[in-house]
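Heads up, the thing below is written out as structure tokens.
Lettering follows sequence order; numbering is per chain, from 1. It should be emphasised that the depicted structure is a prediction, and the values quoted were computed from it without experimental measurement.
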Amino acid sequence: MYESPIRRPLITGKTSYAQITDDIATAVEAKPTKWWYIGFIVSLAGLGLWLLTVTYLLVTGVGVWGLNKTVDWGWDITNFVWWVGIGHAGTLISAILLLFRQKWRTAVNRSAEAMTIFAVICAGTYPLLHAGRPWVIYWVFPLPNTYGSLWANFNSPLLWDVFAISTYFTVSLVFWYVGLIPDLATIRDRAEGVRKKIYGLLAFGWNGSAKAWQRFESVSLILAGLATPLVLSVHTIVSMDFATSVIPGWHTTIFPPYFVAGAVFSGFAMVLTLLIIMRKVMRLEAYITLNHIDVMNKIILVTGSIVGSAYITEFFIAWYSAVPFERYAFVNRAFGPYWWAYWAMMTCNVITPQLFWSQKLRRNITAVFIISIFVNIGMWFERFVIIVTSLHRDYLPSSWAMYSPTWVEIGMFVGSLGLFFTLFFLFAKFLPVIAIAEVKSIVKTSAEEHIKKTAEKEGIDIKEVNPQIA
Amino acid sequence: MGHHHEVAVHEEKFVVPARLRNITFGLMGIGLVAIVVGLMTDSHRFWANFLLNNWYFLGVALMGTLFLATQSVSNAGWSAGFKRIPEAMATYLPYAFAGFAIIILSVLMHWNHTYHWTHEGIADPTSPDFDEIIAEKVAYLNLPFMIGRVVVIFTLWYLFSRVMRRNSLAEDLQGGFKMLKRNKTISAIFLPVFAVSWAMACWDFIMSIDTHWYSTIFWVYHFAAAWVTAISIIALTVIYLRRAGYLSIVSEHHMHDLGKFMFAFSIFWTYIWLSQFLLIFYANIPEESIYYQERFEHFKLLFWINLVINFVVPFLLFMTRGSKRNESMMILVGVLLIIGKWIDLYIGIMPGTVGSHAHIGFVEIGMFLGFLGLFTFVFTRSLTKASLVPTKHPYIKEFVTHEVL
């Protein structure tokens with residue numbers, strides 16, 4: 001397929017198919033680097049903290065959290081929503097961008113999908129533990145039982161969540177794994193001994209025949225079609241956990257699309273945080289190029305602006321509604337005792353992404369890294385603001401209360417980061433972090449060398465039309 | 001696939017066939033009769049329909065510009081070859097502005113009660129017409145501020161659409177990449193401008209009809225509706241032009257992509273519809289649920305038809321790959337969506353203006369046909385003003401070789 005030479009390259013430097021395999025497979029085959037060990041041990045420490053706090057929680061009960069009878073959702077649900085949100089970029093990249101035939105997807109989809117799966121695992125721990133008795137968590141499913149009238153409440157958005165998130169997790173996992181199969185086979189073919197056996201087993205006997213590829217392509221497309229509505233549905237349902245209520249600040253109709261935009265926003269921020277480190281440590285700069293980072297920053301700019309306009313719309317409509325409770329809820333958010341959380345959210349989510357109007361900043365690695373962290377923080381505060389400020393001053397002023405987390409909640413949050421990074425480090429070591437086969441498919445359209453050749457053939461001065469190519 | 005590279009791209013000059021021109025005149029004639037009948041029988045009904053159709057085609061015209069802007073910022077090649085169609089759609093904007101000038105004039109002259117908040121004494125505690133809820137909103141809902149906003153908004157829309165069109169035509173003459181870049185910058189600026197201005201236009205012209213009622217998703221909902229309508233009109237126009245012997249560079253691959261847009265965004269519209277409906281239904285706060293109560297009570301049949309036409313039918317018909325590449329199917333779905341979005345707007349506007357006795361009769365159909373005639377007349381006339389194929393568009397070669405495999 002023809003591509004205009006004014007499009008920016010997605011693979012830089014000299015490229016050959018063999019080179020691509022080598023560059024990516026070597027990371028799986030070689031001994032882990034010093035940095036990997038350091039990172040992994042720190043993550044393991046975090047995981048240890050998580051196990052410790054969770055054990056303490058299970059032994060003593062949910063009372064060890066800082067919740068009270070006015071603020072009955074706090075860090076638990078904040079962290080749940082934050083993690084679910086982060087788990088949105090991966091499947092958006094692999095599914096929606098596949099449908100849109102965005103070629104830059106190929107270099108980032110694998111790790112973004114892995115991140116998605118790990119983030120959803122972290123998210124899942126919160127409702128599991130918040131429910132109080134995780135050993136009977138299967139009661140959330142509508143299973144036939146002998147407990148009389150005990151049956152799942154289909155009217156509850158919390159139940160919809162159970163279905164939405166478990167479906168999303170399943171499809172994302174399958175999608176990710178199916179994509180891995182050809183690459184696992186590549187690793188298998190290069191490996192020996194036990195490694196060959198293990199990767200061979202994981203590769204499901206992939207033989208690289210035309211038929212296998214044809215099925216691979218059609219199953220990818222079907223999964224993309226299934227995953228696309230799922231990406232939207234998960235955070236839609238999460239938003240309904242709040243928006244179906246009559247709590248001022250929660251009950252607002254823009255919540256579903258705005259939560260989805262916010263989720264994509266935070267997901268891309270986390271992808272950038274991880275990829276910026278990964279491309280450096282694993283020397284993948286030729287595949288995860290500045291152009292990839294530039295494009296992802298544009299998505300952050302767009303989704304950040306959608307989130308910003310939703311904030312403004314909410315504030316305006318709260319005033320416009322002339323409902324005193326609505327008006328108070330929003331004024332209290334901005335100027336009440338939790339003002340610092342509100343302004344942290346506004347600064348990180350509304351102002352910082354606007355910096356990405358500048359192409360210079362979009363392509364400045366340090367700036368992007370810092371801004372991506374800001375967005376991660378801002379999106380955490382968004383959930384905190386929505387949950388805590390709406391609850392702490394309810395309709396009855398005599399029950400107004402403040403909330404602050406205990407060491408258990410803080411430990412569980414920091415610990416969940418440990419869980420997340422432990423999984424990610426294992427992934428980065430044992431699986432190919434870039435989709436080898438997919439990157440190869442864009443060499444003849446998007447590699448720097450190819451673009452130069454096309455320009456030459458058409459008599460176009462490449463320096464003038466595509467300054468990204470040196 | 002080197003053999004593709006040699007497809008020739010020629011300028012194509014569209015000439016409006018006499019038959020099409022006569023049809024547009026005929027439609028406008030029917031519209032005029034409907035206007036006269038409406039004014040003579042029930043002027044509120046006339047004004048409600050006037051607002052409905054003006055808003056409908058304002059949205060279509062503006063979405064032309066928005067379509068170009070989205071394609072421009074995303075470096076899209078697949079739509080480059082038929083970009084003259086959305087450009088021509090946007091040239092209807094001044095006519096829609098004129099329509100809204102008439103509506104604002106009618107409000108100033110108290111010719112109708114479309115906007116409850118414009119009543120004398122509505123915010124005056126000593127007046128018998130005092131409404132304490134509306135009184136809370138007058139800082140925003142007052143005529144001088146509203147007219148000021150509208151003037152600024154319309155000016156911005158006009159300028160952006162004009163400049164983008166001008167640059168696009170200049171590209172045809174000079175070639176090169178300068179205009180592509182320039183339009184990309186302008187498009188990027190247009191997107192946030194559009195979001196804010198469109199939200200306000202939706203509140204001012206439509207949401208304020210049911211003055212007490214409010215919904216944060218309202219402007220997203222109207223965006224989704226107008227966007228689907230515009231995509232459908234683009235698709236139908238492409239089919240028409242191809243059948244008339246133009247745009248031979250458009251292949252079934254492009255039609256497939258247009259079909260995917262229609263499919264995806266009719267689902268998106270439904271998603272937004274459900275977000276608004278479900279949350280209001282579920283929470284059941286009287287101030288909010290009254291909106292659907294009125295519509296469900298008095299417009300029950302249309303309420304369901306709306307969902308069937310705008311969601312169920314396109315969803316089922318466009319599910320398969322083949323159907324999106326089938327012209328007859330696309331005509332069917334396109335026409336249904338165009339009618340469906342009119343019905344959607346009808347349910348939105350009528351309960352707050354005409355009231356529970358509103359029904360679809362000659363005035364409604366006739367006025368829609370009249371506006372459709374005017375829109376088609378302006379739109380097709382603009383199509384004749386430039387080559388249908390932007391021969392020097394930097395992505396035209398990508399467009400010609402575009403394949404959806």
Side-chain angles (χ1 to χ4, degrees), chain A residues 1-8 96 99-102 155 157 217 221 225 228-229 232-233 236 239-240 243-247 250-258 260 298 301-302 305-306 308-310 312-314 316-324 326-327 354 357 457-458 460 464-466, chain B residues 1-2 4-5 73-75 77-78 132-137 139-141 176-177 180 188 191-192 195-196 199 203 207 212-221 260 264 267-268 271-272 274-285 287-288 394-398 400-405:
Chain A
M1 217 184 275
Y2 170 79
E3 273 212 11
S4 164
I6 60 175
R7 293 202 186 271
R8 291 174 179 177
I96 297 183
L99 297 181
F100 275 107
R101 292 186 302 268
Q102 294 297 303
N155 290 337
E217 297 248 322
L221 206 59
T228 299
L232 294 168
S233 78
T236 294
S239 83
M240 286 176 181
T244 49
S245 72
V246 292
I247 310 277
W250 285 12
H251 177 68
T252 164
T253 50
I254 207 168
F255 253 37
Y258 137 62
V260 173
K298 284 180 186 169
L301 174 60
V302 171
S305 303
I306 293 175
S309 48
I312 296 163
T313 304
E314 279 188 327
F316 172 75
I317 297 289
W319 171 82
Y320 178 92
S321 74
V323 175
E326 284 285 338
R327 284 184 177 181
Q354 299 304 321
W357 281 95
K457 213 160 53 185
E458 294 181 10
I460 295 171
E464 188 207 340
V465 297
N466 205 334
Chain B
M1 278 166 248
H4 273 305
H5 292 202
V73 293
S74 58
N75 298 320
W78 75 278
E132 59 177 337
I133 294 175
I134 295 178
E136 290 281 326
K137 308 186 184 200
Y140 183 80
L141 290 182
F177 305 100
L180 186 83
L191 294 178
V196 176
W203 298 330
M207 197 166 89
H212 286 187
W213 185 78
Y214 53 89
S215 169
T216 42
I217 208 175
F218 197 75
W219 64 272
V220 186
Y221 182 72
K260 282 192 266 187
I267 297 172
F268 179 75
Y271 167 60
I272 302 297
L274 187 76
S275 298
Q276 179 169 283
F277 175 79
L278 181 71
L279 293 176
I280 289 177
F281 165 82
Y282 195 114
N284 203 12
I285 299 172
E287 288 94 323
E288 292 180 4
Y395 289 133
I396 197 71
K397 200 163 161 188
E398 279 191 9
V400 173
T401 56
H402 179 62
E403 276 176 317
V404 184
L405 298 168

If one checks every heavy atom of B:Leu180 against chain A at 4.5 Å, the contacting part turns out to be side chain
Practice problem: Could you go through the side-chain contact (heavy atoms from CB on, under 4.5 Å) check for B:Ile280 and B:Trp213 one step at a time? | Solution: CA-CA 11 Å; B:Ile280 289 177; B:Trp213 185 78; 3.8 Å; yes
Quick one: sort the B:Trp78 and B:His402 rings into parallel, tilted or perpendicular, breaks at 30° and 60°. tilted
### Query
Does any non-hydrogen side-chain atom of A:Leu99 lie less than 4.5 Å from one of A:Leu221?
yes
Cut-off 4.5 Å, heavy atoms of chain B, and the answer for A:Arg327 is side chain
Of A:Ala322, A:Pro257, A:Pro157, the largest count of non-hydrogen pairs under 4.5 angstrom with chain B goes to A:Pro257
Ranking B:Tyr221, B:Phe218, B:Trp203, B:Phe277 by heavy-atom pairs under 4.5 Å to chain A gives rank one to B:Trp203
Counting only N and O atoms by type, is there a donor-acceptor contact under 3.5 Å from the side chain of A:Thr253 to the main-chain atoms of B:Ile217? yes
Okay, B:Trp219 and chain A: the region with an atom under 4.5 Å from a heavy atom over there is side chain
Cut-off 4.5 Å, heavy atoms of chain A, and the answer for B:Tyr140 is both
Applying a strict 4.5 Å limit to non-hydrogen atoms, the region of A:Val302 in contact with chain B is neither
With side chains defined as the heavy atoms from C-beta onward, is the minimum distance between B:Tyr282 and A:Ser245 less than 4.5 Å?
no
Applying a strict 4.5 Å limit to non-hydrogen atoms, the region of B:Ala264 in contact with chain A is neither
Looking only at B:Glu398, B:Met207, B:Gln276, B:Glu288, most heavy-atom pairs under 4.5 Å shared with chain A are made by B:Glu398
Can you see whether A:Ser305 engages A:Gln354 through a side-chain donor-acceptor pair at a distance of less than 3.5 angstrom? yes
Assert top hit (heavy-atom pairs under 4.5 Å, partner chain B, pool A:Lys298, A:Glu314, A:Arg7, A:Met240) equals A:Arg7
Under 4.5 Å to a heavy atom of chain A? For B:Pro192 that would be side chain
Between A:Asn466 and A:Pro5 the two heavy atoms that sit nearest each other are ND2-O, 3.0 Å
- Item | Short side-chain to backbone donor-acceptor contact, B:Lys137 and B:His212, under 3.5 Å | yes
For B:Phe268, look at atom CZ and say whether over 12 heavy atoms of other residues, nucleotides or ligands are found less than 6.0 Å away. yes
Okay, A:Tyr258 and chain B: the region with an atom under 4.5 Å from a heavy atom over there is neither
Under 4.5 Å to a heavy atom of chain A? For B:Leu191 that would be neither
Under 4.5 Å to a heavy atom of chain A? For B:Phe281 that would be neither
Bottom line for B:Ile134: the part with an atom under 4.5 Å from chain A's heavy atoms is neither
Under 4.5 Å to a heavy atom of chain A? For B:Leu141 that would be side chain
Legend entry - Contact check, side chains of A:Arg101 and B:Val404, non-hydrogen atoms, under 4.5 Å: yes
So, the part of B:Ile133 with a heavy atom under 4.5 Å from chain A: the answer is both
Residues A:Pro229 and A:Gly225: closest non-hydrogen pair is CD-O, 2.9 Å
